[in-house]
Number of protein chains: 2
Amino acid sequence: MELRHLRYFCAVAEEQSFTSAARRLHVSQSGVSGQVRDLERELGVTLLRRNQREVMLTSEGAVFLREAQSILAHAQRAVEIVTRASQGQYGKLTIGL
Amino acid sequence: MELRHLRYFCAVAEEQSFTSAARRLHVSQSGVSGQVRDLERELGVTLLRRNQREVMLTSEGAVFLREAQSILAHAQRAVEIVTRASQGQYGKLTIGL
DNA sequence: AAATCTTACGGGTGACGTAACGATC
DNA sequence: GATCGTTACGTCACCCGTAAGATTT
């Protein structure tokens, strides 16, 4: 599992559409479909119900969505933190461990 | 940035060695070196100081390490949660946020 | 010389886009 | 017929391992 899987899944879940998600991610629809399929296969869990006309979260998918969103937000925060820390340039202290 | 970058970086930081980290990850040393280099390049931040005989965290690296460890733990937890949810079939609790 | 990290180089896996198919409205 | 998701397939990027190079002890 990689962050890409989470990014794609979250986009689909939020847009409730593979097509819209692909547009938002600037990738092809088939790419999104494949990655979400791989994620579900790896987890062994069906996250989305592709019914007629609609893409809906399963109950497991809803649970996983919150986690995935939280993880992505955390990753983004981590980048900002370390970027800011390097710009700030304050501590030259090398903290052990 | 992908979870792989975080896994590799955390292993190196924790082992304080690229060689040990590679062993632990069951990949080659050069692979670890390359991925950590790519991560630093993407962040625009030097995370590790490769001095003679030692690999030490920079202050920015120490900050990022905590975040990375937390993210990886979160990701692992997410997998467990959704796996358990699908097995249990009866949603235990939906932990808010 | 031994140990360690980096860099160069090839190969194989996989992510991606195009296109064709099936299904639903 | 139009829209949407899936699948097949060819391409290309990139991850990885091997090997050579640089540095230190």
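Numbers restart at 1 for each chain; the letters A, B, ... are given by sequence-line order, proteins then strands. For clarity, every value in this text was computed on a predicted model and none was experimentally measured.
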Rounded distance in Å - CD (E15(A)) to P (dT3(D)) =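 Rounding to the nearest Å, CD of E15(A) and P of dT3(D) are 18 Å apart.
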Please say whether more than 12 non-hydrogen atoms of neighbouring residues, nucleotides or ligands are located less than 6.0 Å from CD in E80(B).
->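 It does: E80(B) CD has more than 12 such atoms within range.
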Atom pairs and distances, donor-acceptor, side-chain atoms in residues 42-49 of chain B, under 3.5 Å, two or more places apart:
unit_1	atom_1	unit_2	atom_2	d
E42(B)	OE1	M1(B)	N	3.2
E42(B)	OE2	M1(B)	N	2.9

List the atom of V36(A), the atom of R50(A), and the distance in Å for their closest heavy-atom pair.
->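 Reported closest heavy-atom pair: CG1-NH2, 3.8 Å.
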Under 3.5 Å, side chain of E2(A) to main-chain N/O of E2(B), donor-acceptor pair present?
->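 Not at all, since once roles are kept as given, no pair shorter than 3.5 Å links the two residues.
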Hey, what else clusters with I81(A) if you join Ile, Leu, Val, Met, Phe, Trp, Tyr whenever side-chain heavy atoms sit under 4.5 Å?
->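 V63(B), all in the cluster of I81(A).
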Span of DNA chain C in contact with chain B (heavy atoms, under 4.0 Å) =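 In short, chain B contacts DNA chain C from dT4(C) to dT7(C).
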Keeping to residues at least two apart or across chains, list the side chain to side chain donor-acceptor pair (under 3.5 Å) pairs with something in residues 8-18 of chain A.
->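 Matches after skipping sequence neighbours: E14(A)-R24(A), E14(A)-Q69(A), E15(A)-R24(A), S17(A)-S20(A).
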With B for base contact, S for sugar-phosphate-only contact and - for none (protein heavy atoms under 4.0 Å), nucleotides 14-25 of chain D reads -SSBBB----SS
Looking only at side-chain N and O atoms, does T19(A) come under 4.0 Å of OP1 or OP2 in dT3(D)?
->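 For dT3(D), neither OP1 nor OP2 has a side-chain N or O of T19(A) closer than 4.0 Å.
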ring-ring contact (aromatic ring centres under 6.0 Å, His included): pairs with one or both residues in residues 22-47 of chain B, sequence neighbours excluded |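 Qualifying pairs, neighbours excluded: none.
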Check against side-chain contact (heavy atoms from CB on, under 4.5 Å), R84(B) and V79(B) = CA-CA 8 Å; R84(B) 202 159 310 179; V79(B) 173; over 6 Å; no
